[in-house]
Structures are given as structure tokens and as C-alpha cells.
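Dropping the structure in here first, questions after.
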Protein chains: 2
Amino acid sequence: MSQQARRSPRRTEALSRERIVEAAVGMLDAAGEGGLTFRALTERLATGPGAIYWHVANKGELLAAATDAVVAAALAAEPEGASPRDRIRALALGLFDAVDAHNWVAAQLSASSWQVTTPRIFEGVGRHVSAMGVPREQWFTVTSVVVQYILGAAAQNAANAQVLGPGADRGEFLAKVSTAWEELDPDDYSFTRTVAQQMREHDDRQQFLDGIDLVLAGITAVHPPAG
Amino acid sequence: MSQQARRSPRRTEALSRERIVEAAVGMLDAAGEGGLTFRALTERLATGPGAIYWHVANKGELLAAATDAVVAAALAAEPEGASPRDRIRALALGLFDAVDAHNWVAAQLSASSWQVTTPRIFEGVGRHVSAMGVPREQWFTVTSVVVQYILGAAAQNAANAQVLGPGADRGEFLAKVSTAWEELDPDDYSFTRTVAQQMREHDDRQQFLDGIDLVLAGITAVHPPAG
DNA sequence: ACCTGAACACCGTTCAAGT
DNA sequence: ACCTGAACACCGTTCAAGT
């Protein structure tokens with residue numbers, strides 16, 4: 001145990017891929033996708049760009065690693081629930097909240113698909129799908145549908161949050177969109193005008209859960225449990 | 001009728017927002033999102049950047065306009081089908097194919113949400129949802145779920161196509177991913193390994209349709225038609 | 001009203017040089 | 001093996017000037 005082993009907490013830590021990814025997540029959270037710059041990252045880590053490129057191949061890889069870190073954390077806890085349905089619901093909601101908290105993640109996820117991160121989600125959902133009694137030869141298809149819905153809904157929710165900006169008032173935003181819908185051309189948008197009020201009053205999280213339930217009900221309807 | 005009224009087809013046409021958007025779509029199709037540059041656009045239209053900025057506020061607006069143009073074209077034809085379900089299926093498949101043909105569109109769509117383009121899709125789907133006999137107070141929720149699924153599935157499909165690149169062989173790609181899945185850690189990815197073979201043999205378009213059917217079955221299960 | 005094109009600020013990435 | 005920092009090529013956007 002030399003003196004060097006005692007490191008005072010404020011001292012500059014050695015650079016590492018882990019620290020870089022962590023810093024990247026922080027900057028993305030704080031300022032969105034436009035906020036992650038090698039210049040800014042360089043300053044925050046008190047190095048030159050070359051140091052970062054030693055640990056990370058390029059910006060794309062860094063974004064992928066940041067995304068994977070967030071998703072892995074969201075999936076870390078075993079989802080609780082009495083039934084497979086409840087566990088899918090819990091897993092889905094955990095992802096939804098993670099994407100909501102880090103709303104740059106959604107765009108990354110829908111742009112990477114069969115890459116590193118999606119298999120994590122696929123595996124988590126798939127285990128419960130198989131436990132629901134879906135016939136074996138439908139496992140891939142059904143799991144894909146659930147994952148597609150989760151990512152699609154999360155992405156659109158995040159997109160709304162991004163338009164909104166960090167400080168804005170949600171109720172105000174919904175009211176504004178709702179009013180805009182009411183003013184659409186009645187010839188082209190008769191349906192949308194009809195639901196403008198429902199749109200104003202809806203709750204994103206609840207709506208997402210309703211969607212999950214609807215998809216799960218579809219699974220049961222198309223593949224009734226044996227018996 | 002002056003001489004000027006006769007314009008030979010090959011002569012340089014006046015610049016217009018329409019021509020700019022059209023050129024942008026062409027460049028995005030040819031070279032993906034990275035291929036749309038004001039420099040390249042400037043060259044293609046034989047002008048300076050200032051000319052383009054006269055008609056279009058910035059790159060974001062140009063991308064949104066290009067996206068809207070593609071989606072509007074895909075939705076132009078009244079979807080055919082005997083039942084509301086069939087018409088939803090037709091509409092969804094039209095969108096799926098459009099996103100597949102212009103695979104930069106998906107990322108744009110999931111990043112714009114309640115903006116200009118999504119209401120078009122929402123309206124198209126919603127009309128048929130209401131015709132399915134879903135109770136009025138559920139129209140917004142149910143339509144949202146269908147739209148979220150369509151956009152989510154289309155986005156992930158486009159992401160796969162992008163990784164693949166324009167010239168690549170699809171079967172080869174699926175085989176590679178399938179093999180990668182088979183080599184995953186059995187402790188962490190038992191389910192994914194099990195469906196690796198199904199993944200290799202699946203058809204994207206058919207899988208999408210199965211997903212739509214599953215969602216539609218869910219709607220009927222949760223909201224049985226009155227009677 | 002519409003277009004030109006030089007210029008500005010900023011970006012991701014590279015690389016010779018250091019330790 | 002790991003880090004430094006100047007330099008390169010390229011980007012979106014602006015704007016004074018033209019017609």
C-alpha cells in the first residue's frame with residue numbers, strides 16, 4: 001500500500017472509456033444531442049481530443065455506448081410482477097421512464113436496431129412472452145412486435161418532450177397542440193379535430209400502459225393459452 | 001404570349017421551395033442523411049447557399065419538408081379494403097413501404113411527433129379506428145397505439161436497412177445476425193439464442209403485417225364491437 | 001423580390017510528437 | 001501504452017452586395 005493508493009476524491013482520475021461514457025451521458029442529459037461535442041467533452045475531461053480517440057473509435061460509438069449504459073441500467077433490476085404480463089408491463093414501464101429521463105436515447109435506439117442494445121431488450125421481453133404460453137414458433141414474431149411497440153411509443157414520447165424543452169409546462173403544451181388540432185381543416189382532419197379534447201387530457205405514461213395492455217390482449221387473442 | 005413563356009425543358013428552372021425539397025429528397029435517397037449538405041444542394045441546384053436560405057429557414061425545416069413530402073405521397077391514395085381493418089392494413093403497409101424506400105424518413109418521423117407530418121398519419125388511421133366500433137372516448141388512445149406501432153416498426157426496419165447499406169445481400173445479413181445471436185452468452189441470452197433460427201428465416205414485411213394484425217386483434221379484444 | 005458568393009464560427013477527426 | 005494539441009477538411013449559416 002503505497003501513498004499513491006490513497007487518492008483524494010477531487011484529484012484528476014485517469015481517463016478511461018467508462019469515465020468518457022459517463023461524461024457523455026451527463027452532457028447529453030444536460031444539453032441534448034447537440035450538447036455532446038468533442039470540444040466540450042475535451043474540456044470537461046481536461047484533455048485533448050486525441051486522448052478521447054484513444055479510448056473510443058468515433059462519435060457514433062460513443063453515442064452507442066452511452067445509449068447502452070442507460071438501457072442496461074434500466075434493465076438491471078429483475079422486473080417484479082405476479083404474472084408474465086405484469087413483468088412485461090414493469091419492464092416496459094422501466095424503459096419508458098428511462099427514455100423519458102434521457103430523451104436523447106430514443107433516437108439512438110431506433111437507429112441501431114439489431115445492434116448491441118436491442119438484444120438486451122429483446123431478451124428481457126422474450127422471456128416473458130415465452131412464459132405467456134405463446135407457441136414456440138411464434139416467439140420471434142410476437143416478441144418483435146412488443147419490442148417495436150415499446151421503442152416506437154418511447155421514441156414518440158421523447159420527441160414530444162424534446163419539442164417541449166426542459167423548462168416548459170406540459171399542460172400548456174398539450175393545450176397548445178389541442179387548440180392547433182381544433183383549428184385544422186375540417187375537410188382533411190375531421191377525426192383529429194374530434195379527439196383534440198382527449199389529446200389535451202391524456203397522460204403519456206397511462207397511455208403507454210394502455211398500449212402495452214392492448215398489445216398483450218392481442219397476443220392472447222391471436223395465441224390463446226393452451227387448454 | 002411572349003417568347004419567354006416557351007421554356008425549353010432543359011433550361012434552368014427558377015428556384016422554388018418545391019424544387020429545393022424535391023432535390024433534397026433525391027439526395028437523401030441517394031446518399032442517406034449524411035448526403036444532404038447545403039454545399040452539395042447548392043451545387044446540384046447551381047446556386048449559392050443564400051438562394052436556398054431565401055426559400056427555407058434552415059436544415060431542420062428542409063428535412064421536415066422532405067419527410068412530409070414522402071409521407072403525403074404515401075398517404076395520397078385512399079386505402080382500399082372491404083373492412084376498416086383491411087384499410088388500416090393497407091395504409092400501414094403503404095407507409096411501411098415508403099419508409100423502406102426512403103429509409104432516412106423513419107428517424108425524421110420519430111423525431112417530429114405532434115408536428116406537421118404525424119397528424120396526417122393519425123388522421124388516416126383514426127378514421128378507420130372509429131369505423132371499427134371502438135368507443136368514442138377511446139379513439140385517441142387506440143389510434144395513438146396503432147400509430148406508435150406503425151412508426152416504431154417502420155423505424156426499426158429502416159435502421160436495419162441502413163446498417164445493411166444499399167448494395168448488400170439481405171439473406172447474408174440475416175444469416176450473420178442469426179449466427180451472432182447463437183454465439184451470445186447462454187446465461188444472459190437464453191431466449192434470444194432460442195429464436196436465432198426464426199430470426200434468420202423471417203420476412204420483414206410479413207412480420208410487420210402480423211404485428212398490425214396482433215394490434216388489431218388487441219383492439220377487438222379490449223373493445224369488443226357493440227352487440 | 002430574389003440571388004450571389006465570400007466569410008464566420010464550429011464541428012469530427014487525424015497525427016506527429018511527447019512521456 | 002497513453003496523452004497532447006495543432007492542424008485539416010468540412011459543415012450550417014450569415015450578410016453585404018448585386019440585379
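The model shown is predicted, which means the values in this text are computed figures rather than measured ones.
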Give me, pair by pair, the N or O atoms of the protein and of nucleotides 1-5 of chain C that are less than 3.5 Å apart, along with how far apart they are.
from, atom 1, to, atom 2, distance (Å)
C:dC3, OP2, B:H55, NE2, 2.6
C:dG5, O6, B:G50, N, 3.1

Exercise. In whole Å, what is the span from the OH atom of A:Y53 to the C1' atom of D:dA7?
Worked result: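 My rounded result for the distance is 14 Å.
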
For this session: Measure the spacing between CD of A:E123 and CG of B:D185 and express it to the nearest 0.5 Å.
Result: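 The distance works out to 10.0 Å.
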
For this session: Would you please name every residue forming a salt bridge (Lys or Arg N to Asp or Glu O under 4.0 Å) with B:R89, sequence neighbours left out?
Result: B:D86, B:D213

Problem set entry | salt bridge (Lys or Arg N to Asp or Glu O under 4.0 Å) against A:R193, all qualifying residues, sequence neighbours excluded | none

For this session: Name every residue in residues 58-66 of chain B that has at least one heavy atom under 4.0 Å from any atom of DNA chain D, in order of residue number, or write none if there are no such residues.
Result: B:N58, B:K59

For this session: Starting at atom CZ of B:F38, determine the distance to atom P of C:dC11, rounded to an integer number of angstrom.
Result: 18 Å

Exercise. So among A:V105, A:T117, A:L75, which one has a side-chain contact (heavy atoms from CB on, under 4.5 Å) with A:V70?
Worked result: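 The residue from A:V105, A:T117, A:L75 that satisfies side-chain contact (heavy atoms from CB on, under 4.5 Å) with A:V70 turns out to be A:V105.
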
For this session: Could you pull out all residues at least two apart from A:H55 that satisfy ring pair (Phe, Tyr, Trp, His ring centres under 6.0 Å)?
Result: none

Scan the side chains in residues 26-40 of chain B for donor-acceptor partners under 3.5 Å anywhere in the protein, sequence neighbours excluded, and list what turns up.
from, atom 1, to, atom 2, distance (Å)
B:D29, OD1, B:H102, ND1, 2.8
B:D29, OD1, B:W104, NE1, 2.7
B:D29, OD2, B:H102, ND1, 2.9

Problem set entry | Dot-bracket summary - DNA chain C, pairs being Watson-Crick or G-U whose distances fall under 3.5 Å, with | when paired to another strand | ||.|||||...|||||.||

For this session: Give every residue pair that meets the salt bridge (charged side-chain N to carboxylate O under 4.0 Å, His left out) criterion with at least one member in residues 148-177 of chain B, sequence neighbours excluded.
Result: B:R170-B:D204

Exercise. So which of residues 27-37 of chain B are in contact with DNA chain D, with a heavy-atom cut-off of under 4.0 Å?
Worked result: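 Here the set is B:L36, B:T37.
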
Exercise. Would you say the side chains of A:N160 and A:Q156 form a donor-acceptor pair under 3.5 Å?
Worked result: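 No pair is found: no donor N or O on one side chain lies under 3.5 Å from an acceptor on the other.
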
Problem set entry | Chi angles and distances behind the side chain to side chain contact (heavy atoms under 4.5 Å, CB included) call for A:N157, A:V99 | CA-CA 9 Å; A:N157 196 64; A:V99 170; over 6 Å; no

For this session: Could you list the residues that satisfy salt bridge (Lys or Arg N to Asp or Glu O under 4.0 Å) with B:R44, not counting sequence neighbours?
Result: none

Exercise. Which pairs, with at least one residue in residues 51-77 of chain A and sequence neighbours excluded, count as a salt bridge (charged side-chain N to carboxylate O under 4.0 Å, His left out)?
Worked result: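 Matches after skipping sequence neighbours: A:R17-A:E61, A:D68-A:R120.
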
Exercise. Should the pair A:F96 and A:F208 be assigned to parallel (<30°), tilted (30 to 60°) or perpendicular (>60°) ring geometry?
Worked result: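 Judged by the thresholds at 30° and 60°, the geometry between A:F96 and A:F208 is parallel.
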
For this session: Using ring pair (Phe, Tyr, Trp, His ring centres under 6.0 Å) as the criterion, list what pairs up with B:W181, not counting sequence neighbours.
Result: A:W114, A:F122

